[in-house]
Each structure stands twice: as C-alpha cells, then as structure tokens.
2 protein chains.
Amino acid sequence: MIHPAFFISDSTGITAETLGRSVLSHFETIDFDYIVLPYVDSVEKAQRAVERINLAAKDYGTRPIIFDTLVNQDIRRVIATSDGFIVDVLDTFLNQLEIALGKKPSCTVGRAKGPEQEARYRHRIDAVNFALDNDDGAKLDRYDQAEIILIGVSRSGKTPTSLYLGMQAGIFVANYPLTEEDLEDNRLPKALQNHRARLYGLTIEPERLAAIRTERRPNSRYAELRQCEDEIRQAEALFKRFGISYLDTTHASVEEISARILSEIHIRGHHRS
Amino acid sequence: MIHPAFFISDSTGITAETLGRSVLSHFETIDFDYIVLPYVDSVEKAQRAVERINLAAKDYGTRPIIFDTLVNQDIRRVIATSDGFIVDVLDTFLNQLEIALGKKPSCTVGRAKGPEQEARYRHRIDAVNFALDNDDGAKLDRYDQAEIILIGVSRSGKTPTSLYLGMQAGIFVANYPLTEEDLEDNRLPKALQNHRARLYGLTIEPERLAAIRTERRPNSRYAELRQCEDEIRQAEALFKRFGISYLDTTHASVEEISARILSEIHIRGHHRS
C-alpha cells in the first residue's frame, strides 16, 4: 500500500520535509509518496492545497498525512478542512518551549531576514565558491584560508563532501587529490606539509571505487580493480603514517561523512551560532 | 542573554538541527548558541553528552534546550538525567502517527539503508556531478539530459542553485551563462533553442550584482554598475520575449530559489518518492 504524505509550508518546506521524512522512516512497512507544497502563503493557495490533498485521499484510497509548518492561523484553518491527518510541527513544540524559555514566540509569516542571517547566508555561499575554486588541488596557494583540507584518491568522495560542508555549514573546505606520484613517494605532498592539522582523509572500498571510476572512464587502467586496490592501500598507509584522521565513505552519505568530520575536528563551524 | 541549544542524534543530527533551528527562530529576542552532537549511539557517548550539557548549563547560567531524535531508550534515559530541557522530537509524533496509520513504528538505531535509499542517494550524487560537469555552459551537448537549464548573467546565482537542486533533490541541472554577445543578439542562444521548455531564468538587482562581481574582480568593467544594469536589462528582456519563467535571486537563498523553481515547474523531482 502506498500512503501519500504532504509537507506544507509558507516558506521552502525544508523543515516540514526533513522532519516528516525522518518520522515516517520509522514506519518501515509502509511506502510513502511524498508531495512538497512550498510557499502556501495565502488562503487561496491553501484552498488549492486542500484540493490536492482531497484528490490524493481519493486516488490512494487512504487518509493523507500532512506535516505543516504554517504560522498564519487563517491559512491553517483552511488546511484543517481537508481530508488529511495533520501533524502540527510548530505548535507542538512552541508551547513546551514557551514554558522552558519564559518568553512568548513571535508569530509572523515569511519574516524578513536579519543582518546576522544575511551574513551567515553569504558566508555559506562564499564557502561553496571556495570549494569550487579549490576543488581537485586547483589553487594550492589558498590552502591557508581552508578550515579543512580533504585528501584522498580520485573519486573517494572529496568534492561532494566539500560542497556539502560549504553549503550547509559555511565551512571553507579545499580538497587535494592524491595522485599516483604522491602515493609512490609515501611522503606527504609538499603542498600539504604546512597544513597537517587541517588534513582529513577519505578512503573507500576498492570494489566500489572501481565501479565509480568505470562509470566515468570505462575500460581504463584508472578504473581497474587492481589499480584501485593499490591506490587505496597506499593512501591508507599515508594517512596512518602521518597520523591523519580518515574515514571510509563506501556506505556513508555526504550528510554522514560531514557530520562525522565535524564531530571529530572541532572547528568554529561545528559549534555554530 | 545567550541560550545554549543542543541537537542530539544517533545519526547525523540533521533532522534535530533543522527542526530545532526552525522552532527556535520563533523566539526572536533570544540569541541561541547551537551545539550539534551527532552519532551519540552508545551509553558512554550519552554520558559525555550529559557532561557537555551540564557544563553549558553552568557556563551560560541557564537551562540548555535539547532537541533529540534518539531512538534507543537506554541512551535516552541517560540524556534525561542532564540539566537540560528535552524536546522530544520523535515520540511526540510517533504516537500520533501510530493511530493515524494503524501500524506500530519500528525501533532500530542506525538502520541499514535499503536498496531504494541507496539508489536515491547515488542519483543525488550523480546529479551533483552533472551540475559540476555542466556548469557555465561547459558541455552544451549534454543539455538533453538536463531536467532544468538555468540561464542568467554571470554571478546571478546559477551555480549554487544547480548544486543545491542536485544535492538535495537529485535533479539534473545544467546552467548557461548569458554573455554580452548573447545579450546583444536579443535572440535565444543557439545551444538553448531546442530546450526552451526546460529553461529557467535567474535575475538579480544590478547593485547587488555589482557588489558580488567587485569581490571577484575589483575595478573591472565586468563589475561596473553600468555594465551590470545593461546586462540585467537585456537578460530580463530576453526572458520576457521568449516567455521564460524567471525569478529575482537578490533577497532569496538557494533553498528559497530551489523551492520556488520546483513549485513552478512540475518535474519528477518535485513529486518525489
């Protein structure tokens, strides 16, 4: 059976969707069909959302689940007329927190961003640009500005992790690909020698690496299992020799890799305000 | 007054943090200091978390707020001994949903990912790589594979948006920079003519564009306000002439830009299961 789940918000819908997916993942035997309805910021849009919910109720033959983070009460009242089951994300917690914090929450839809939020956002975009500019060892002279330098063999997960850490946490991450020449040396590449405290290694199972490389360059020496095994063995030896923390990305998502790195190396970004 | 807020999880902590930040943003008069504690997956780690919470309670002179998505009851009991105020993210909803769905939730920590989740994740990483490979009009011959092609002048927000849509929604997004030659032509660039249905325009206020460009290339013609005004005016004329939907990125985050694009053009990624 497939169960429709709606995420409704007067803004992007990210909070409703993140929470909703997480909560619903605990019902492993049910398949959900997720529908995001962002920017429901007027009574008219709410009415259209109700139509979609009621249509889904009919189509799927079951009561849709609704996660909403709507603030405006008029809009909420419209959604409440639908055939769905509403999980109220905000009210549930706001009441509890009002007691804990001893303050009333403010209730405004689509609040203008404050200067601090603007600055935090610009910092994140600067960090994404930094990751792009410093991808694949492109600009070794800017490593001073990096908070983390990811190292590993080609296709071990450095670039997506750099971008994710920049986008989500505003952390400046450069990355350096360990080439065959670097690995055969068994020394720390020159460009990295002054930055040892900021190095973090990524490794991956050779079978998975060979599969990824085969997608990029089929039938190349680069993608051969034997070649991948050699590179990985040498890279891990290098990490151990120089006491560089590293982790295996084979079964980890960028979210998981990033959270692990941040929990291990305590930088500003982790304890972020 | 600064108030400490902890986000605790046996996994990445993303759900606890996203929800927690969203809920706490309603208390505009309080400054929060956010501390993420991911991978608290053992009683020992929970005890260390409790120490950090209690230390924060002392340092800040106030009761820390804790958002947790912990599943294991032994770990939760340890956290409950701390001096913090616990907002229980999961239990609150699981009980409600159990009634609505007529099923019991499964309770396992760090569940192994199913093949569907794996496939969905790989698709997201493929989409990030697609965005990187097709950035800035790099490979015009792969536009057939793009689900969206973002167009706009240099530094109007195309690249971060492409990456975000790939990373978060697994959508294949290429982007094409409108050059001065393209704009003077007042025709749709040749590379785009066969893909009109997939085009989406980004624009930006000239003053903001000049500021961004000045950071990249100070004192260049490229960064002059006059030049920015000309390009923007021509780009918007092009969007209108060819009926291309577009939006102004000046005051919008990548999350907001992405959500708006997805809510306007209905593609597989929006109604994602």
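Throughout, a chain's letter reflects where its sequence line sits, starting with A, and its residues are numbered from 1.
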Student: Given a strict heavy-atom distance threshold of 4.5 Å, which part of A:Asp126 is in contact with chain B: side chain, backbone, both, or neither?
Tutor: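 For A:Asp126, side-chain heavy atoms alone lie under 4.5 Å from chain B.
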Student: Do B:Thr15 and A:Val23 come within less than 4.5 Å of each other through their side chains, counting heavy atoms only?
Tutor: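 They are not in side-chain contact.
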Student: Given side chains that start at C-beta, do those of A:Val36 and B:Leu262 come closer than 4.5 Å, heavy atoms only?
Tutor: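 They are not in contact (no side-chain heavy atoms under 4.5 Å apart), so the answer is no.
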Student: If you count heavy-atom pairs under 4.5 Å between each of B:Leu24, B:Ile212, B:Leu163, B:Val128 and chain A, which one has the most?
Tutor: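 Result: the option with the highest number of such pairs is B:Leu163.
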Student: Can you tell which part of B:Val87 gets under 4.5 Å to a heavy atom of chain A, answering side chain, backbone, both or neither?
Tutor: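 For B:Val87, backbone and side chain are both near chain A.
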Student: Looking at A:Glu215, A:His3, A:Arg208, A:Arg63, which one has more heavy-atom pairs under 4.5 Å with chain B than the rest?
Tutor: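 Of the options given, most contacts go to A:Arg208.
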Student: Report which part of A:Thr159 has an atom under 4.5 Å of a heavy atom belonging to chain B: side chain, backbone, both, or neither.
Tutor: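 The side chain, not the backbone.
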Student: Roughly how far apart are B:Ile14 CD1 and A:Gln168 CD, rounded to 0.5 Å?
Tutor: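 The CD atom of A:Gln168 is 7.0 Å from CD1 of B:Ile14, to the nearest 0.5 Å.
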Student: Which pair of heavy atoms, one from A:Ser263 and one from B:Pro38, lies closest together, and at what distance?
Tutor: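 Closest pair (atom of A:Ser263, atom of B:Pro38, distance): CB-CG, 3.6 Å.
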Student: Please state whether the side chain, the backbone, both or neither of B:Ile125 comes within less than 4.5 Å of a heavy atom of chain A.
Tutor: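 Contact with chain A involves the side chain of B:Ile125 alone.
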Student: Would you mind checking which part of B:Arg122 comes under 4.5 Å of any heavy atom in chain A, side chain (CB onward), backbone (N, CA, C, O), both or neither?
Tutor: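 Side chain of B:Arg122 only, per the 4.5 Å heavy-atom cut-off to chain A.
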Student: Take A:Asn129 and B:Arg216 through the test side chain to side chain contact (heavy atoms under 4.5 Å, CB included) and record every step on the way to the result.
Tutor: CA-CA 11 Å; A:Asn129 286 323; B:Arg216 303 290 283 193; 4.0 Å; yes
Student: Can you say whether A:Tyr164 sits under 4.5 Å from chain B via the side chain, the backbone, both, or neither, judging by heavy atoms?
Tutor: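 Both parts, backbone and side chain.
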Student: Answer yes when B:Arg124 and A:Glu255 have at least one side-chain N-carboxylate O distance shorter than 4.0 Å, and no when they do not.
Tutor: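 A:Glu255 and B:Arg124: salt-bridged.
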Student: If I take atom OH from residue A:Tyr39 and atom CD from residue B:Glu264, how far apart are they, to the nearest 0.5 angstrom?
Tutor: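 Interatomic distance, A:Tyr39 OH to B:Glu264 CD, rounded to 0.5 Å: 10.5 Å.
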Student: Sort out for me which of B:Ile2, B:Leu132, B:Ile30, B:Thr69 touches chain A most, counting heavy-atom pairs under 4.5 Å.
Tutor: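 So the answer, after comparing B:Ile2, B:Leu132, B:Ile30, B:Thr69, is B:Ile30.
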